[in-house]
Amino acid sequence: MSEKLRVTNLVKTFGTNNVLKGINLTVNENEVVVIIGPSGSGKSTLLRALNRLEEPTSGSIVIDNVDIASKGVDIDTVRENIGMVFQHFNLFSNLSVGENIMLAPVELKKETKEQASAQAKKLLKTVGLEEKFDATVQSLSGGQQQRVAIARALAMNPDIMLFDEPTSALDPEMVGDVLAVMKDLAKKGMTMIVVTHEMGFAKEVADRVVFVDDGQILEQGTPDQMFEHPKNERLQDFLNKILNV
Amino acid sequence: MKQKIFKSLGWVALLVGLLFCLVQSTVTAQAKTYQIGTDVTYPPFEFANKQNKYVGIDIDIMNAVAKEEGFKVNIKPVGFNAAVQSVQSGQLDGVIAGMTITPERKAKFDFGTPYYKTGVVMAVGKNSDIKSFKQLKGKRVALKTGTAAADYANSIKKKYGFKTVTFDDSNNMYEDVTTGNSVACFEDQPVMQYGIKQGLKLKIVSSPANTGWYGFAVKKGQNTELRKKFNQGLKKIQANGTYDKIVGKYLGNKTNPKVKGKTFTIGTDVTFPPFEFANKHNKYVGIDMDLIRAIANEQGFKVKIKPVGFNAAVQAVESGQLDGVISGMSITNERKAKFDFSQPYFMSGVVMAVGKNSKITKLSQLKGKRVAIKTGTSAADYANSIKKKYGFHTVTFDDSNNMYQDVTTGNSVACFEDHPVMKYAIKQGTKLKIVTKPAESAPYGFAVKKGHNQALLAAFNTGLKDLKASGTYDKIKAKYLGTDDNGSVAKTAADDAGSRSFFGLIKQNQGALLSGLSETMWLTVVSIFFATIFGVIVGLLGVVPSKFSNGVSSTLIYIFRGMPLLVLALFIYTGIPSLTGTKIPAFIAGVVTLTFNEGAYIAAFVKGGIEAVDPGQMEAARSLGLPFGKSMRRVILPQGIRIMIPSFINQFIITLKDTSILSIIGLLELTQTGKIIIARNLEGFKVWTIVAVMYLIIITLLTWLSNWVQRRTKV
Ligand SMILES: Nc1ncnc2c1ncn2[C@@H]1O[C@H](COP(=O)(O)OP(=O)(O)OP(=O)(O)O)[C@@H](O)[C@H]1O
Ligand SMILES: [Mg+2]
C-alpha cells in the first residue's frame, strides 16, 4: 500500500470566510475515499483544491512526491493526471459526444483523430453508450451525460479520479447506471475521491469514509466504523439526519 | 502712308540684318548671334522703358532663353508687321512679338512651344454701363490692325451690329475709348490687364474669348536649330521659376512664386448661398467659391474646397486641419485674435426677415417672441446683442435652411441673417421678407490661422486686387446677386416644376445620392471591420485572468461607450490635430471615430457573450489539463460567438445609421448629401423622405441577411 496523495494543513479562505481550516488527509494508491459532510462544510472546495480549480491559500498537496500547490508547478500537466467529474456534468455543448471525449487527447497528447476516436469508442462501450458517439450532448439524458463525462475524464488515463456529487443532479432511476460505472472503475483499482450523499455506495465501495464539517476533518475510518460506530457527536447527528429522511 | 512706313521699316530691317550678318561672319568662332524681330511697342510684351531700353515679357523671355542655352540674340523692335515679313524674307532669324499661333501663320512659320496663353477681352470706359456685346449695337468700337483681337471683333461685328475703327497702335486705340469716340475696344487680355494696371481708365467687362497661345516663330523649314534651342531654354526657365518671375514682373504677380503649384485646403460652409452651395451637379459654387477659385487660378495655386460647415471649418483652421476658410466670415475683433484676415472682399450687414404674411416690421415687435438664429454667425451675435433690449428669446440652428423653416412654419416669428444671403434665399423662393435695413455692416474676409499660411493670405490679397482691376470680381458678384438691388439673379434650373416632384428629384440627384450611399456603405464596412478587431481584442482583454487587462478593457469600454459619437467625431477630427499638428483626412477620422465607438459596444457584448457561457464549461476544460487559451478557443468562444451573433448584426445596422452623424465633419455620406441637396433646392420634406427610404431599404436588406445568418447558425 503506497501513498498516492498527501494533503497537509490545507487552508482556503474566501475573503474573510475561512472555508478550509487546515485539512490533513492521505490517500493511498487504489484506495476509494468517500467524503461526506453537511452542506456548506467545504467538501467541494476541498475536492477542487486538489487539482487547483480553487487556489489553496496555504498548505501542501503532494502527489507522487511533488507538491502541486507550490508556485513552479505546471498545473496543466498535473491536471492531465487527475480526472474530475462534476455534479452538473459540464459536457462541452458545442461538441458531439465523441468530440467531447477526443478533445483533450487530440489537443494535449497529440493523438491522431483515429487513435482518439478508437479510444473514445472503447470508453463509451465501458460506460454502456457505444451507440452515442455521434450524438449531440443535448440529446442525452442526465445519466447518460454523466457517464459520458466519466468517459471524457478517463480519456486522459488519469491516476486519480475526483467526483463531486456525481449523482445528486440525476433523476433517481438514472443514479444506478452511474454508480455501476463508478463501482466498475473502483474494481479496476482506480484511486478515487468521491464526494457523495449515496451512503449505500459508500458502504459498499469505499475503503475509507471521511467526515468533513466546518472546514475540518472531524472523523475518518472504514465504512463500518463510521456508519455503525460513529464517535463524533456531529457525525452522529449528521448520520441521523440523512438516514432518517 | 501705312504702306510707306511698312516699306521703310522693311528696308531698315534689311540693312540692319545685313550689317549684322557682316559682324557675325567676323566672329564666327564666338557663340552665334541670332537676329530676332519684335514689335515697336506692345506692352507688357515689348516696349521701351524710361531709359529707352527695350523690356517686356517677350524681351526678357528671349534673353533668358538665350542665356540659358548659350547663344546671343539681337532683338530689334522693328514693328510687328515688319518683323514678321523680315523673318519670312530671311532677313531676321525669328520673331517674338506676342504673336498668336494660328493655322494661317503655321503655313508660313514654324512655331516654338507656346509660351503664353492669351485671350481677347472687351474693355470699356471706367464709368461705362456697357457689360455685354449686345449693348454695342450701332456703336463704334476701336481696334488695332492685324491683331487677333481685331480679328475676333470683326468676326462678331455683324452679329452685334457695331462699327469699327482701326488704329495702328494700342495707345491710340485706348485713347479713342477714354475720350468717348469709341465705346469699347478689343484687346488681348494680358495687354489690357497691364494697361489698366498702369492707370488706363478702362475696365474689362468680358471673359477671355478666342483664347490662344503666343509662340516664338521662325521661317518655315529654317532655323530649326534656333527653334529647338528656344524650346529647350523655355522648358528650363519654366522649371526654374525664371519664367514666372518675368511674367510676374509685368502682370502683378500672376502666378505667385510663393504659392505656385501648391494645393491649399480651404474650408467653407455646407450651405450659405449665395456664397457657397452645391449646384445641381453637386459642384460647389457661389461668390466665395468662384472668388477663391479665380484667385487661385490667377495666383497659380490650387484649392481643395471642403464644405464642412461653418463651425467645423473655423475650428479646423484653428487646429491646422485646413489652411484657410472662406465662408462669408465677418471680420470681427474676437476673430482677429485667432485669425489673420485678408482685405475685406464683401460688405455685408444683418437684416431681420419674417414670414411673408407677418405683421412684424420692427425689432420692438419681437417682445416675448421666439427668434431663429444660426450658430456662430455675426447675425446671431447681433441678435444676441439686442435680445435683452427688445425682450425676445432665441433658438439656434446649425444651418440656414432649418432656421428659415423655423420661421416659415411659424415656430419662430423672425430670423436674423446676412443681407446678401437673405436676399438670395428669398429670390430662390424662401417665403420670407426682409423688414429691416442692414445693420452692423460688416466686411467679409478670407481667414487663415493667426501667424500661419501668410503666403496664402498675401496671394489672396494680391489676387483680389487683380480680380477687381480686371473686372472679374464684379462679374462674380453680379452672377449671384444681380447688379442692382432689384437685379435678377441667375435663375437656377431647380426652379422648373418637373424637377420638384419626387421622381424629378430622384432623377436629378441620382448621382449625388448614390455616391452618398456608397460613401455611407464604405464607411460602414471599413468601420465595422476595424471596430470588430478593436472590440474583440478589448472584449477578450476583459475576460483573461489578469486584473490589469480587465482594467484596461473596462476603462476603454467606459470611455468610448460613454462619449457621444458626435463629440468623439469632433474631438478626433479637430482636437487631435491641434494637439499633434498633423492633419487627419475626414474619412480616416470618421473610421477612427466609429472604430472606437462601435468597437466599445462590440467589446461589451463580446465580453458579455463570453461571460454568458456557463463557467462549468471552462472548469471542465481546465480540469482536463487544457490551458486557458485552448479552452477559450475550442470550448468557450464557439459557444460565446453563437450568443454574440445577433448583437453583431444589430451593431452593424447601428453603425450604418451612426455614419450619418459623421456628416458633422463634412463627410459626403448620404445624410450630408441630403443636406446639400436641400441647401440648393429647399425641398426638405421630399429630399429627407428619399434619404430616409434609402436608409430603410439598406437596413431592410441587412435585416434579411441577418435573419438568414441567424437561422443558419442556430442549427
Ligand atoms: N468562490 C467562492 N467564493 C466565496 N465563497 C465560496 C466560494 N465557493 C465556496 N464558498 C463558500 O465556501 C463554503 C463551502 O462551500 P462548498 O461548496 O465547499 O461546500 P460543500 O460542502 O460542497 O456544500 P454542498 O454540499 O452544498 O455542495 C460555503 O460557505 C460557500 O459559501
Ligand atoms: Mg459541494
Side-chain angles (χ1 to χ4, degrees), chain A residues 44 47-55 68 73-96 99-110 136-138 145-146 148-164 169, chain B residues 532 536 539-540 542-551 554 602 605-649 706 708-715:
Chain A
S44 293
L47 203 67
R48 290 157 57 82
L50 296 183
N51 68 354
R52 276 175 58 185
L53 281 184
E54 295 296 355
E55 211 51 59
I68 66 150
V73 171
D74 175 13
I75 193 61
D76 290 326
T77 332
V78 172
R79 282 173 184 158
E80 290 181 22
N81 249 345
I82 307 173
M84 188 168 211
V85 176
F86 301 86
Q87 182 176 356
H88 296 287
F89 337 130
N90 297 0
L91 289 181
F92 306 135
S93 58
N94 58 316
L95 301 177
S96 71
E99 288 166 340
N100 261 275
I101 302 170
M102 288 157 62
L103 179 67
V106 170
E107 290 285 334
L108 300 174
K109 284 198 194 156
K110 302 295 166 207
T136 62
V137 168
Q138 291 75 15
Q145 285 195 43
Q146 193 60 300
V148 172
I150 293 170
R152 178 179 67 180
L154 291 173
M156 291 300 288
N157 280 320
D159 296 343
I160 305 173
M161 287 285 287
L162 309 176
F163 295 83
D164 191 0
Chain B
T532 302
V536 167
L540 287 177
V543 292
V544 296
S546 150
K547 286 261 154 59
F548 177 75
S549 301
N550 299 164
S554 320
I602 292 175
F605 70 64
V606 164
K607 202 173 140 188
I610 291 169
E611 281 166 351
V613 176
D614 173 16
Q617 296 280 313
M618 180 55 107
E619 287 190 347
R622 298 305 308 271
S623 79
L624 287 167
L626 290 164
F628 178 84
K630 272 195 177 128
S631 311
M632 205 68 187
R633 248 189 350 266
R634 298 302 311 272
V635 178
I636 309 304
L637 284 181
Q639 297 181 42
I641 286 169
R642 201 167 289 184
I643 300 173
M644 295 167 206
I645 280 174
S647 311
F648 257 117
I649 286 156
S706 76
W708 180 78
V709 170
Q710 273 185 70
R711 264 200 313 276
R712 297 217 34 177
T713 52
K714 260 204 187 113
V715 184

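All of these numbers come straight from a predicted model, not from anything done at the bench. Sequence lines set the chain letters: A, B, ... in the order given, protein chains first and strands last, and positions in each chain run from 1. Reckoned from all heavy atoms, side chains included, excluding hydrogens, waters and symmetry mates.
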Can you tell me which portion of [X] sits under 4.5 Å from chain B's heavy atoms? Options are side chain, backbone, both or neither.
X	value
A/Asn51	side chain
A/Phe92	both
A/Arg52	neither
A/Leu162	neither
A/Ile82	backbone

Quick one: [atom1] on [X] to [atom2] on [Y], what's the gap to the nearest 0.5 Å?
X	Y	atom1	atom2	value
B/Glu619	A/Leu53	CD	CG	5.5 Å
A/Met156	B/Ser623	CE	OG	10.5 Å
A/His88	B/Asp614	NE2	CG	9.0 Å
B/Met618	A/Asn90	CE	CG	12.5 Å

Exercise for the section: Can you establish whether the number of heavy atoms outside A/Lys110 located under 6.0 Å from its atom NZ is more than 12? Expected result: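 Atom NZ in A/Lys110 is crowded, with more than 12 foreign heavy atoms closer than 6.0 Å.
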
Problem - Side-chain donor/acceptor of B/Gln617 to backbone N/O of A/Leu91, under 3.5 Å - result: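 Yes.
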
Exercise for the section: Check whether any side-chain heavy atom of A/Met84 sits under 4.5 Å from a side-chain heavy atom of B/Leu624, and report yes or no. Expected result: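 No, side chains not in contact.
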
Exercise for the section: List the atom of B/Gln639, the atom of A/Ser93, and the distance in Å for their closest heavy-atom pair. Expected result: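 Smallest heavy-atom distance, with atoms named: OE1-OG, 3.1 Å.
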
